[in-house]
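Contents: one structure, followed by commentary.
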Number of protein chains: 2
Amino acid sequence: MPTQGATQIRATGLELSVRETEPACCVPAQGKETLLATEAEALALRFKALADPNRLRILSIVSSSENAETCVCDLAEPLNLGQPTVSHHLKIMVEAGLLNREKRGVWAYYSLVPGALGSLAATLIPKD
Amino acid sequence: MPTQGATQIRATGLELSVRETEPACCVPAQGKETLLATEAEALALRFKALADPNRLRILSIVSSSENAETCVCDLAEPLNLGQPTVSHHLKIMVEAGLLNREKRGVWAYYSLVPGALGSLAATLIPKD
DNA sequence: TCGAAACATCGATGTTCGTCGATATCTAGT
DNA sequence: ACTAGATATCGACGAACATCGATGTTTCGA
């Protein structure tokens with residue numbers, strides 16, 4: 001249950017009963033739309049893909065590899081992780097749209113989705 | 001041990017007779033430093049602060065507020081969250097270096113740390 | 001056709017996380 | 001000092017997560 005005081009001020013929209021005694025806290029964003037819940041959820045999904053140390057290192061390895069292509073066996077060893085764990089992390093980043101997966105023969109090659117990290121970064125800078 | 005290092009590890013006395021027939025998989029990054037575990041952990045901590053829908057909406061509200069300052073009571077209602085939950089999210093983002101907290105009287109005002117989001121975004125762009 | 005290798009998927013487990021209610025702390029005004 | 005309001009902290013609970021071992025799937029070579 002929310003408290004009453006601030007709610008009334010908000011409901012009426014402007015500063016009617018509040019005199020100079022109040023420093024006008026709890027006056028929310030002027031009706032402007034904030035991030036919708038659905039967009040926030042989608043964005044959070046992509047940041048969640050970056051919110052793990054091992055996934056960041058995977059990205060680092062993939063992006064610095066020779067042809068910008070890496071297979072699972074290249075990752076498990078330097079990260080000290082089991083192969084199923086690496087596959088799991090890769091899947092998360094593929095589903096987040098950060099990595100491409102291409103299967104050639106027995107191997108699966110992973111590469112950065114061009115511009116994916118850039119567009120994510122663009123959502124962070126306030127300028128528009 | 002960069003270039004050939006992992007190859008001999010994988011060999012283990014069996015098949016190192018691979019010639020031009022193989023596309024040379026499992027040849028890891030040639031000596032290129034990947035993200036150290038400690039840096040990855042620190043970076044992941046900051047991305048973790050962005051990996052929640054409600055925290056992203058809090059950032060959106062804070063950054064679009066009039067004076068770029070918001071108090072807790074401005075956030076609890078539009079997000080449909082309890083006050084303790086909002087305080088908890090704010091604390092996480094303050095500890096991640098994304099938000100400033102300034103207490104004036106009874107209220108606590110939160111604002112963006114200038115450049116914090118920008119520097120985080122900078123870690124995402126491949127940057128050549 | 002069989003077996004080996006690379007990778008994905010499944011099931012389980014211990015940990016972290018988001019949320020809430022209750023409570024503590026801190027401040028301003030009476 | 002006392003009270004009321006804003007915020008922080010605490011303890012608990014359910015959901016989500018990272019990791020692992022075991023197993024399934026696919027591909028290639030013998």
Side-chain angles (χ1 to χ4, degrees), chain A residues 1-9 18-27 37 40-41 44-45 47-58 70-77 79-96 99 101-110, chain B residues 10-12 14-15 17-19 21-26 40-41 44-45 47-58 70-77 79-96 99 101-110:
Chain A
M1 300 303 179
T3 24
Q4 271 65 21
T7 313
Q8 296 175 348
I9 297 177
V18 182
R19 297 297 181 212
E20 60 194 7
T21 62
E22 287 301 316
C25 178
C26 298
V27 181
E41 199 117 11
L45 217 83
F47 281 119
K48 230 172 272 198
L50 298 174
D52 180 272
N54 287 320
R55 286 199 287 271
L56 288 175
R57 300 183 77 190
I58 287 176
T70 319
C71 60
V72 178
C73 50
D74 286 338
L75 298 166
E77 183 193 328
L79 297 180
N80 275 325
L81 289 180
Q83 172 264 317
T85 303
V86 173
S87 274
H88 172 244
H89 285 312
L90 288 168
K91 180 178 186 178
I92 287 179
M93 291 194 281
V94 167
E95 286 172 345
L99 289 183
R101 174 182 183 272
E102 187 194 355
K103 185 132 191 205
R104 288 205 297 271
V106 192
W107 291 284
Y109 292 88
Y110 289 86
Chain B
R10 223 176 304 270
T12 63
L14 276 186
E15 45 133 28
S17 58
V18 184
R19 291 297 160 83
T21 60
E22 284 302 312
C25 178
C26 298
E41 199 118 10
L45 217 83
F47 281 120
K48 231 173 271 197
L50 297 175
D52 179 89
N54 287 320
R55 286 200 285 273
L56 288 175
R57 300 183 77 191
I58 287 176
T70 320
C71 61
V72 177
C73 51
D74 286 339
L75 298 166
E77 183 194 328
L79 297 180
N80 275 326
L81 289 180
Q83 171 264 317
T85 304
V86 173
S87 273
H88 172 244
H89 285 312
L90 288 168
K91 181 178 185 177
I92 288 179
M93 291 195 280
V94 167
E95 286 173 345
L99 289 184
R101 174 183 183 273
E102 186 193 355
K103 186 133 190 203
R104 287 204 298 270
V106 191
W107 291 283
Y109 292 88
Y110 288 85

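Order of the sequence lines fixes the chain letters, A, B, ..., with proteins taken first and strands second; residue numbering starts at 1 for each chain.
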Exercise for the section: Output yes when at least one side-chain N/O atom of B/His89 is less than 4.0 Å from OP1 or OP2 of C/dT19, else no. Expected result: yes

Exercise for the section: Check whether any side-chain heavy atom of B/Phe47 lies under 4.5 Å from a side-chain heavy atom of A/Leu56, and answer yes or no. Expected result: yes

Exercise for the section: Please assess A/Leu90 against A/Leu75 for the test side-chain contact (heavy atoms from CB on, under 4.5 Å), listing each intermediate value before the final yes or no. Expected result: CA-CA 10 Å; A/Leu90 288 168; A/Leu75 298 166; 4.0 Å; yes

Practice task
Round to a whole Å and report the spacing from OH of A/Tyr109 to C1' of D/dT26.
Solution key: 15 Å

Practice task
Round to the nearest Å and state the distance from A/Glu95 atom CD to D/dC17 atom C1'.
Solution key: 14 Å

Problem - Spacing of B/Met93 atom CE relative to D/dA8 atom C1', expressed in whole Å - result: 16 Å

Practice task
Kindly say if B/Tyr110 contacts the phosphate of D/dA8, meaning a side-chain N or O under 4.0 Å from OP1 or OP2.
Solution key: yes

Exercise for the section: Identify whether any heavy atom of B/Lys48 sits under 4.0 Å from a base atom; if not, whether one sits that close to sugar-phosphate; answer base, sugar-phosphate or nothing. Expected result: sugar-phosphate

Problem - For atom CD of B/Glu41 and atom C1' of D/dA18, their distance in whole Å - result: 13 Å

Exercise for the section: Would you please confirm or rule out a distance under 4.0 Å between OP1 or OP2 of C/dC7 and any side-chain N or O of A/Arg101? Expected result: no

Exercise for the section: Pick base, sugar-phosphate or nothing for A/Lys91, based on heavy-atom distances below 4.0 Å to the nucleic acid. Expected result: sugar-phosphate

Practice task
Return the value, rounded to whole Å, for the distance between atom NE2 of B/His88 and atom C1' of D/dC13.
Solution key: 14 Å

Problem - Any B/Ser87 side-chain nitrogen or oxygen under 4.0 Å from OP1 or OP2 of D/dT7 - result: no

Handout entry: Below 4.0 Å: OP1/OP2 of D/dC20 and any side-chain N or O of A/Thr85
Key = yes

Exercise for the section: Indicate yes or no: at least one non-hydrogen side-chain atom of A/Glu41 is less than 4.5 angstrom from one of A/Leu45. Expected result: no

Completion exercise
Which of D/dT7, C/dA6, C/dT19 is nearest the side chain of A/Trp107? It is C/dA6

Practice task
Provide, to the nearest angstrom, the distance between the CD1 atom belonging to A/Ile58 and the C1' atom belonging to D/dA18.
Solution key: 12 Å

Handout entry: Gap between atoms CG and P, on A/Leu90 and C/dC7 respectively (whole Å)
Key = 10 Å

Handout entry: Proximity to the side chain of B/Cys73 - top-ranked nucleotide from D/dC17, C/dC7, D/dT7
Key = D/dT7

Practice task
Return no unless some side-chain N or O of B/Asn80 is found under 4.0 Å from OP1 or OP2 of C/dT19.
Solution key: no

Practice task
Take the protein atom CD1 of A/Ile92 and the nucleotide atom C1' of C/dC7, then report the distance between them rounded to whole Å.
Solution key: 16 Å

Handout entry: Side chain to side chain, A/Leu81 and A/His89, heavy atoms closer than 4.5 Å
Key = yes

Handout entry: Non-hydrogen side-chain atoms of B/Ile92 and B/Asp52 separated by less than 4.5 Å
Key = no

Practice task
May I ask you to decide if A/Lys91's main-chain N or O and A/Arg101's side chain share a donor-acceptor pair within less than 3.5 Å?
Solution key: no

Fill in the blank from the handout: Closest to the 5' end of DNA chain C, once A/Pro84 and B/Arg104 are matched to their nearest nucleotides, is A/Pro84

Exercise for the section: Consider the side chain of A/Val106, meaning its heavy atoms from C-beta on, and name the nucleotide among D/dC28, C/dT27, D/dC17 that approaches it most closely. Expected result: D/dC28

Problem - Under 3.5 Å donor-acceptor pair, A/Gln83 side-chain atoms to C/dA8 base atoms - result: yes

